[in-house]
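First up is the structure itself, then whatever we jot down about it.
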Amino acid sequence: MKNKINLFISFSLLFMLNSCSMPFYFYIQNFTSEDQKITLTFYKDVNSEDLQHKIQLISSKVTQFRDFRKANDKAKLNYIIEDYNKISVILPRNSLTYIDYRSNNYTNVTGIEYIKNKVPVQISKDQLMMKAKYERMSLIFELK
């Protein structure tokens, strides 16, 4: 009887945790020695109510991801809407920028464009997922 109760509790916990939403945070770390203009493409209209409160664009000069939450120098970055689903933002040099969050998916971003050595670079969501590193429920893409 005790085994059946333990089995029931285990399955109940499994089903309960399986249906929970998990938040994921997306950061871009600019390791370059100059400010970097990037264009972010989102999966839907950037003016939609759903997306407006998820785009954060908060930057800090911290070099380690684990220090970001405690940083005192955080600043909200301004952006320019390029298209209905694209924004441009200038990332400060040697900074870590919190871009957005999403439940049960790593990011709302579907593409990144920037200039590296005077050559345009386009990163798709698939490339982003392969090139980024994962740390504590977060995805961190590095510009070097």
Side-chain angles (χ1 to χ4, degrees), residues 5-144:
I5 292 173
N6 285 339
L7 186 62
F8 175 75
I9 291 172
S10 296
F11 276 116
S12 297
L13 283 173
L14 177 68
F15 287 120
M16 185 174 65
L17 291 175
N18 195 23
S19 65
C20 291
S21 293
M22 301 295 291
F24 289 96
Y25 305 94
F26 176 50
Y27 295 84
I28 295 180
Q29 190 154 22
N30 182 8
F31 282 116
T32 65
S33 59
E34 51 191 50
D35 293 351
Q36 182 72 51
K37 179 184 177 185
I38 64 166
T39 301
L40 300 168
T41 304
F42 292 89
Y43 79 101
K44 62 169 36 173
D45 189 342
V46 293
N47 288 318
S48 69
E49 244 180 77
D50 180 44
L51 202 54
Q52 272 186 336
H53 70 280
K54 292 181 179 178
I55 299 174
Q56 300 296 312
L57 301 175
I58 298 171
S59 190
S60 173
K61 293 288 186 185
V62 297
T63 56
Q64 298 294 320
F65 167 74
R66 65 178 176 264
D67 299 331
F68 186 83
R69 291 183 189 216
K70 296 177 186 172
N72 294 325
D73 66 339
K74 290 183 210 168
K76 180 91 169 151
L77 302 179
N78 295 320
Y79 63 89
I80 298 169
I81 297 176
E82 300 283 336
D83 200 356
Y84 78 97
N85 68 337
K86 286 186 178 187
I87 63 169
S88 290
V89 62
I90 296 175
L91 303 180
R93 65 178 181 223
N94 298 315
S95 67
L96 180 64
T97 304
Y98 171 33
I99 303 297
D100 74 344
Y101 73 93
R102 184 162 182 193
S103 296
N104 297 331
N105 203 337
Y106 290 106
T107 181
N108 296 296
V109 175
T110 59
I112 300 174
E113 299 170 32
Y114 61 98
I115 305 292
K116 181 177 182 179
N117 300 326
K118 299 182 182 178
V119 177
V121 177
Q122 292 184 334
I123 305 290
S124 68
K125 186 162 186 172
D126 292 336
Q127 292 171 320
L128 174 64
M129 294 300 165
M130 289 188 317
K131 292 181 178 185
K133 64 181 186 177
Y134 300 86
E135 213 175 301
R136 295 186 190 163
M137 306 298 286
S138 298
L139 180 71
I140 305 165
F141 181 73
E142 298 175 343
L143 297 176
K144 295 182 180 182

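Residues take their numbers from the sequence shown, with the count starting at 1.
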For Leu40, the option from Asp100, Thr110, Ile99, Asn85 that meets side-chain contact (heavy atoms from CB on, under 4.5 Å): Ile99
Is there a side-chain contact between Leu143 and Phe31 (heavy atoms, below 4.5 Å)? no
Go through the steps for Ile90 and Leu77 under the test side-chain contact (heavy atoms from CB on, under 4.5 Å), then give the verdict. CA-CA 8 Å; Ile90 296 175; Leu77 302 179; over 6 Å; no
Using modelled atom types and a 3.5 Å cut-off, is there a donor and acceptor pairing between side-chain atoms of Asn117 and backbone atoms of Val119? no
Could you report the tightest heavy-atom contact between Ala71 and Val62, atom names first, then the distance? CB-CG1, 3.5 Å
Point-to-point distance, once rounded to the nearest 0.5 Å, from OH of Tyr98 to CD1 of Ile55: 11.5 Å
Would one find more than 12 heavy atoms of other residues, nucleotides or ligands at under 6.0 Å from atom NZ of Lys144? no
Looking at Lys37, I'd like to know if its NZ atom is crowded, meaning that more than 12 non-hydrogen atoms belonging to other residues, nucleotides or ligands lie closer than 6.0 Å. no
In terms of heavy-atom contacts, Ile115 and Gln36 come closest through O-NE2, 2.9 Å
Nearest 0.5 angstrom please: Lys131 NZ to Ile123 CD1, how far? 4.0 Å
Given side chains that start at C-beta, do those of Gln29 and Leu96 come closer than 4.5 Å, heavy atoms only? yes
Reported CD-to-CZ distance for the pair Glu34 and Arg93, which is rounded to 0.5 angstrom: 9.5 Å
Ile80 atom CD1, over 12 foreign heavy atoms within 6.0 Å: no
Using a 4.5 Å cut-off on heavy atoms from C-beta on, say whether the side chain of Tyr79 contacts that of Val46. no
Give a yes or no on this: more than 12 heavy atoms of other residues, nucleotides or ligands lie within 6.0 Å of atom CD of Glu142. yes
Shortest non-hydrogen pair, Thr39 vs Ser88, comes out as OG1-OG, 3.2 Å
Any side-chain donor near an acceptor of the partner, Asp73 and Ser60, under 3.5 Å: yes
Rounded at 0.5 Å granularity, tell me how far CZ in Arg136 sits from CZ in Arg69. 9.0 Å
For a 4.5 angstrom cut-off between non-hydrogen side-chain atoms, does Leu139 reach Met129? yes
A side-chain contact here means heavy atoms from C-beta on lying under 4.5 Å apart; do Lys125 and Thr107 qualify? yes
Can you confirm whether Tyr84 is buried at OH, in the sense that more than 12 heavy atoms of other residues, nucleotides or ligands lie under 6.0 Å from that atom? no
For Tyr101 and Tyr25, take the angle between the two ring planes, folded into 0 to 90°, and tell me which bin it lands in: parallel under 30, tilted 30 to 60, perpendicular over 60. tilted
Just how far is it from atom CD1 of Ile87 to atom CZ of Phe42, taken to the nearest 0.5 Å? 4.0 Å
How long is the straight-line distance from CD1 of Ile38 back to CD of Glu113, given to the nearest 0.5 Å? 10.0 Å
Examine distances only and state if a side-chain atom of Lys61 and a backbone atom of Asn94 form a donor-acceptor pair shorter than 3.5 Å. no
With heavy-atom distances below 4.5 Å as the criterion, would you say the side chains of Phe141 and Leu128 are in contact? yes
With a distance cut-off below 6.0 Å to the six-membered ring centre and an angular limit of 45° from the axis, does Lys133 pair with Tyr27 as a cation-pi contact? no
Between Asn108 and Phe26, is any pair of side-chain heavy atoms under 4.5 Å apart? no
